[in-house]
Amino acid sequence: MNSSPFSVNLFSFFIRIDYCTKNSFNTKAKNMRYPFSEIENKWQRYWEEKKVFKTDLDKTHNKLYCLVMFIYPSGAKLHCGHWYNYAPTDSWARYKKLKGFNVFEPMGYDAFGLPAENYAIKTGIHPYDSTMQNIKDIRQQLKKMGGMYDWDSELMTCSPEYYKWNQWIFLQLYKKGLAYRKNAPVNWCPNDQTVLANEQVQPDGTCERCGAVVIQKNLTQWFFKITEYAEELLSGLDKINWPEKTKLMQRNWIGKSIGAEINFDVDGSDEKITVFTTRPDTVFGVTYLVLAPEHPLVDKLTTYVFKKDVEDYRDSIKSLTEIERTSTLKEKTGVPIGSFAINPVNGKRVPIWIADYALLTYGTGCVMAVPGQDERDWEFASKYNLPVIRTVQPPEGFEDKAYTGDGIAINSGFLNGLNVEEAKEKIIEWLEKNNYGKRKINYRLRDWLISRQRYWGTPIPIIYCPVCGEVPVDEKDLPVELPYNVKFKSEGTSPLLSNEEFMNVKCPKCGGAAKREADTMDTFVDSSWYYLRYLDPKISGQIFNKDLAEKWTPVDMYVGGAEHATMHLLYARFIHKFLRDIGLVNSDEPFANLIHQGTITNNGAKMSKSKGNVVNPDEFTSQFGSDVFRLYLMFMGPYELGGDWSDKGIAGTDRFVQRSYDLFEKFKGILSKCLPNENYKITSLNEEEKLIYKKINQTLKKYDQEINNFRFNTAIAALMELLNELKNLDKCSDEIKAYTLKRFAVLLGPVAPHLAEECWNLIGNKKSLMEEPVWFDADPKALIKDSVNIAVQVNGKLRTTLVIPADSEETAVKQSVLADEKVSRYLKDRTVVKEIFVKNKIYNIVVK
RNA sequence: GCCGAAGUGGCGGAAUUGGUAGACGCGCUGGACUCAAAAUCCAGUGGGGCUUACACCUCGUGCCGGUUCGAGUCCGGCCUUCGGUACCA
C-alpha cells in the first residue's frame, strides 16, 4: 500500500468505519443476547402447529371462559391501547391454564360500523374490502402478540352467517312485541348522518363516535323494548361481580323511581291530566301543574286568550338546541295556558303551565308542582310569583327555600302529623281507593333505538307492503343479505335505497310489489351475543350451539373498557335475558366477572386515528420483542388505572428478560443432571440455598395472589426481586438450582410466554409448558420465618429495629429492647407510662 | 350542581386488618471494564441538618383539624385532577 498521507488518512478512515460498524454490531449482538425474534417465531409456530390453544369445549370440568371485548378492525390496526387490553388479559388466561383450568379464550372482529363506511365515502374503497384487509393485518398482529387465542373460534360480525342471527333475534323480539317502530323525537348526528340511541349521545350532547353536536328530529324508527327488562336489569346487578362503579352507572342509567301517578281533572273539560310524582305525600302543596311544551294535551287545553303566548313560547324553545334547553344552568322558563286543574285531594283550582323543565319523554310528561318541597318548582315559582304551600315542617332555622328532607306533614288535611314515608303510604291508599291515582314505578331508561341510516351494518328484516303494511321477513328467508353495490354518499338517507335490486321485493304475505326496510341495525346488536357464537362460530341452523352455551356461559372473566358501561354492557345483559326467556340459555347474566382495563392516553388524549396520536406497538416489538413489551405494559402500574403513554421504563423489563434468559442459558440442561424433589427440608440446606429456597417459595405465593387479582405490576416486581436474589444461584447444589429454575420458568409462563417456553425447554423439559401445563404451589414450610425485624418505638417514634426470633413473646422482646442503647437513652429520666407490643411487628414504649 | 375514583421521591409506582413510608423499575451520581463510548456489572440515590467517620437528629404520603401509644391507611372540613350524569318530577 502506498503510504501517501492521503492513503494513510483513508486507511484510518476505513479502520474507523470498520470499528464503528463492528461496535454497533457488538451493541446489536449484546442486545440480541436474547434472540427474541427467532424465539418468538419458534414458539408461535409450535403453538399453532400443535394446536396447543384449541380448547376442548366438551370438557367442562374446570372450564374457564376468558373473554376480551372483540376488536373493531379499523385502519389504525392494533395500537398500544389494544395491547394494554389484550396482553395482560391473555397473561391472566395463561396463568389459569397453567393452574389446570380448561381455558377458552377466543378473539374476533366487531366488523360492522361507521368508520369503514366513512372511509369508503372518502376514498371509494368498499367497506367490505377495507374491513377484510384490516382483519387480515390485525390477525397477524394478534398472532405476533402471542395471545393464546383459539383461532378455530374466530368470528366476524359482517359475515352473513353471523348477521343472519342478528336478524333472527330481531324477528324473535318482533314476535314478542319487543321490537317495534314508532315516531319519536330522536337523536340525529348531522356528521354521521344517522340516528343514535340515547346511550350513544354524550353528556355534552355530542355524538359518542365523532363528537359532532347531536340534534333532535322526529322520525319513525325501530326500537328494542329494553325497558321491559328494566327491573331485572337493575336487580341482576346484585348477582354479578362487576366493578361497583360500573354497576352504579347502570343503576343510575336505569334510574328507578318509586312514586305514584295522580289524576287531576281539568276545570271545564273532560280531559284528565295524569302526573307522575315521587312525592305523592306533598299533593296538598300543589300550586300549579306543568306540562311539557310538546305535550298533546297542550293544544286541547290552551284557552283562546293564551294561544299566541303558548305558540310564541313553543317557537322560542324550538330555536334552542337540546343541550341549551336541558342545561341545568339555564333559568327555567314557561307560560300559563289559561286552563286550571282541580287538585283531587282538596278540590283546589291550580293553573296549568307549560315549561321547558317538563320533559315529554319522562313519566307522563306532566308534573305537579310543589314549590315548598321541590327545588325546581321553588325556582320556577319564585320567578313567576306562584304561591308556595309547605307540606312538610322544615327543621328550625331552615331558610326560605324548598325543603326536601324528612319531617312532619303540615297543611295536608288527613296526612298532617305523619312523616314522609307514612304520608306516602296513606295518600297512595287514598288515591287508589278513590280512583284518583295509583302506585307507580318509573324508569329513566328508554327503549333502545336500533335503526341506523347507514350501509355497513345488518339489514333490518322488514318489508313494507302497500297492502299488508309492515311485514317481517320469513325466518327461512334469512339472511337478508347486505348487497355489495351501493352508493356511499352520506346524505341522511340509507345508502341501501340506492340499490333497486335490494329494495324491491315481493311481499311475503300477498306477493305484491313491496319495499325493504333500508336502514341497518346499530352495531351494538352484533356485540350483544357474540360471546355465545364463539363457542361454535360455524354452526348453521341455529343461532349458537345451545348445548355448549349452557355449559360455558356465563363468561367467567370479561375484560374491556369502562366506556361501555351503559352501552354494550347493558345491551348484552338485555339480549342475554331475552335469549334466556325464549329458552336458549340457562343463565341470567352474560358476564359473571368483569374487569375494566384503564385507558392509555397519549398526551392526555385517548388514542385514536383521527386525533393522530396513536402509538404503534410495532416500533417497540421490533426493537424489544413481544414479551418485553407485554411485560412493560403490565409493569407500568395498576391495570385498572391506565395512564399516559410513555416508553421511559421499557429498558427495565428488557433488562429483566435479558438477565432471565442469561440465567437459564447458564444452567442449560440442568434437569438432565438431576431431578429435584417436590420439597426440601430447610435444615438440610446451606445458607445460600436456604435463602433462595425461601425466596422462590415466597415468590410463588405472592405471584399467585397478585396475578389472580390482575395485579400484574406487583406480580412482575416479585419476579424481579426473585431474579435479584438468584445472583447467588451458583452457590447452590444442582438440585436446588433445578428446583428453583423449574419454578422460575413456570412463573414466567403467564407474563413472558415465549421466553418462558424457551427457558423451560433450555433446562431440559421435552414438552412445552403450555402443552402440558404445570404449576407449583409454595412449600408452606419455606414460608415460615425464623426471625423477624421488629420496630422499636418510643412515643410512637421509630428509634431502632431489632432482629428477633419469630413469634417471640413480650417478655423476651422487652429484654433486648431495654438493653439497646438507642432505646434506653430515650428512657433516661422518664417514667414509662405504657408499653405496646404487637407480635412480630412492634414494641412501643410510651414515656412521660 | 349531583354521584364515583384518585392525589405518595426527579418519574412510573409499592405498602395484609392502623404498626419500620418509598418495594420493584426508570432516571441520575460515582466506580469497574474500555484507547474511548455504548452495553454490562458494582455501589449510592426523599428533603434538610450534623459529623473526620460509623452514626445520629429532624421534616416528610394534596391542605387544615381530630381520634390513637402509633395515621399514606380511620373520622370531620376543604383544594385539585380524572370519570359518570345533567331540570328524570
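Here is how names work: the chains are called A, B, and so on, in the same order as the sequence lines, proteins then strands, and each is numbered from 1. Values below: every heavy atom of this structure, side chains too, minus hydrogens, waters and symmetry copies.
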May I ask you to verify if any side-chain N or O of A/R711 is less than 4.0 angstrom from the OP1 or OP2 atom of B/rA14? no
Please state the P separation for the pair B/rC79 and B/rG70 - nearest whole angstrom. 29 Å
B/rG84, OP1 or OP2 - any side-chain N/O from A/K245 closer than 4.0 Å? no
Check the interface with nucleotides 18-21 of chain B: list each N/O to N/O pair with the protein under 3.5 Å, or write none.
{"residue": "B/rG19", "atom": "N2", "partner": "A/Q793", "partner atom": "OE1", "Å": "3.3"}
{"residue": "B/rU20", "atom": "O4", "partner": "A/N789", "partner atom": "O", "Å": "3.4"}
{"residue": "B/rU20", "atom": "O4", "partner": "A/N789", "partner atom": "ND2", "Å": "3.4"}

Listed range with range, the stems formed with RNA chain B by at least 3 consecutive Watson-Crick or G-U pairs (under 3.5 Å) are B:1-7 with B:79-85, B:10-12 with B:24-26, B:27-32 with B:40-45, B:46-49 with B:56-59, B:62-66 with B:74-78
Does A/A717 or A/A562 map to a spot on RNA chain B nearer the 5' end, using the closest nucleotide for each? A/A717
Short side-chain N/O contact from A/N713 to OP1 or OP2 of B/rA14, under 4.0 Å: yes
Using atom C1' in both nucleotides, what's the gap between B/rG47 and B/rG83 to the nearest angstrom? 34 Å
For atom C1', what is the distance between B/rA71 and B/rG62, given to the nearest Å? 16 Å
Which whole number of Å gives the distance between the P atom of B/rG46 and that of B/rC24? 12 Å
Syn or anti conformation of B/rG46, syn meaning chi within 90° of 0: anti
A/F276 CZ to B/rA89 P, straight-line distance once rounded to whole Å: 6 Å
With a 4.0 Å cut-off on heavy atoms, is A/K247 in touch with a base, just the backbone sugar-phosphate, or nothing at all? nothing
Residue A/W253, side-chain heavy atoms: nucleotide from B/rA89, B/rA86, B/rA15 that is nearest: B/rA86
Does OP1 or OP2 of B/rA89 have a side-chain N or O of A/S257 closer than 4.0 Å? yes
Take A/K822 and A/D820, measure what salt bridge (Lys or Arg N to Asp or Glu O under 4.0 Å) needs, and give me the verdict at the end. CA-CA 5 Å; A/K822 286 172 203 151; A/D820 196 298; 5.2 Å; no
Output yes when at least one side-chain N/O atom of A/Y826 is less than 4.0 Å from OP1 or OP2 of B/rC57, else no. yes
B/rC69 base to A/K834 side chain: any donor-acceptor pair below 3.5 Å? no
With heavy-atom distances below 4.5 Å as the criterion, would you say the side chains of A/L818 and A/L827 are in contact? yes
Between B/rA55 and A/K822, is there an OP1 or OP2 to side-chain N/O distance shorter than 4.0 Å? no
Length of the line joining A/Q250:CD and B/rG4:C1', which is rounded to integer Å: 15 Å
Does anything in residues 248-258 of chain A form a salt bridge (Lys or Arg N to Asp or Glu O under 4.0 Å)? List the pairs, not counting sequence neighbours. A/E231-A/K256, A/D238-A/R251
Could you note down all residue pairs passing salt bridge (Lys or Arg N to Asp or Glu O under 4.0 Å) where residues 707-717 of chain A supplies at least one of them, sequence neighbours left out? A/E706-A/R711
Taken to the nearest whole Å, CD/A/Q705 to C1'/B/rU16 is 9 Å
Does the side chain of A/T699 pick up a donor-acceptor pair with the side chain of A/E721 at under 3.5 Å? no
Residue pairs passing the salt bridge (Lys or Arg N to Asp or Glu O under 4.0 Å) test where at least one lies in residues 628-649 of chain A, sequence neighbours excluded: A/D90-A/R630
The side-chain hydrogen bond (donor to acceptor under 3.5 Å, both in side chains) partner of A/Y843 among A/Q793, A/R799, A/K814, A/E835 is A/E835
Do A/F656 and A/F635 have ring centres separated by under 6.0 Å? no
Are there over 12 heavy-atom neighbours, none belonging to A/Y403, within less than 6.0 Å of that residue's OH? yes
Taking A/I804's backbone N and O only, do any of them form a donor-acceptor pair with A/S808's side chain (distance below 3.5 Å, no angle check)? no
For a quick check of understanding: with a heavy-atom distance under 4.0 Å over all strands, which category does A/G365 fall into, base, sugar-phosphate or nothing? base
Check the distance between B/rC24's P and A/F712's CZ and give it to me in whole angstrom. 22 Å
Flag yes if more than 12 heavy atoms outside A/K383 fall under 6.0 Å of its NZ atom; otherwise flag no. yes
Nearest 0.5 Å please: distance from the CD atom of A/E244 over to the CG atom of A/L248. 8.0 Å
If we take the C1' atom in both B/rA55 and B/rU68, what is their distance in whole Å? 32 Å
Work out how far the P atom of B/rG44 is from that of B/rC59, and round it to whole angstrom. 26 Å
Nearest to the side chain of A/P638, heavy atoms from C-beta on, is which of B/rC87, B/rG12, B/rG13? B/rG13
Can you tell me how far C1' in B/rA32 sits from the matching atom in B/rG72, rounded to whole Å? 40 Å
P atoms of B/rC82 and B/rU29, separation to the nearest Å: 34 Å
Does a sphere of radius 6.0 Å around CD in A/E665 hold more than 12 heavy atoms from other residues, nucleotides or ligands, not counting ones at 6.0 Å or beyond? yes
Are A/Y357 and A/W378, when compared by the centres of their aromatic rings, separated by less than 6.0 Å? no
Closest-nucleotide ordering on RNA chain B, the 5'-leading residue of A/R799 and A/R659: A/R659
Categorize A/V846 for me: base, sugar-phosphate, or nothing, with a 4.0 angstrom heavy-atom threshold over every strand shown. sugar-phosphate
Dump every N/O contact between nucleotides 26-33 of chain B and the protein below 3.5 Å, one line per pair.
{"residue": "B/rC26", "atom": "OP1", "partner": "A/R655", "partner atom": "NH1", "Å": "2.3"}
{"residue": "B/rC26", "atom": "O2'", "partner": "A/K648", "partner atom": "O", "Å": "3.0"}
{"residue": "B/rG27", "atom": "OP2", "partner": "A/R655", "partner atom": "NH1", "Å": "3.4"}

Tell me which nucleotide among B/rC3, B/rC42, B/rA89 gets nearest to the side chain of A/D374. B/rA89
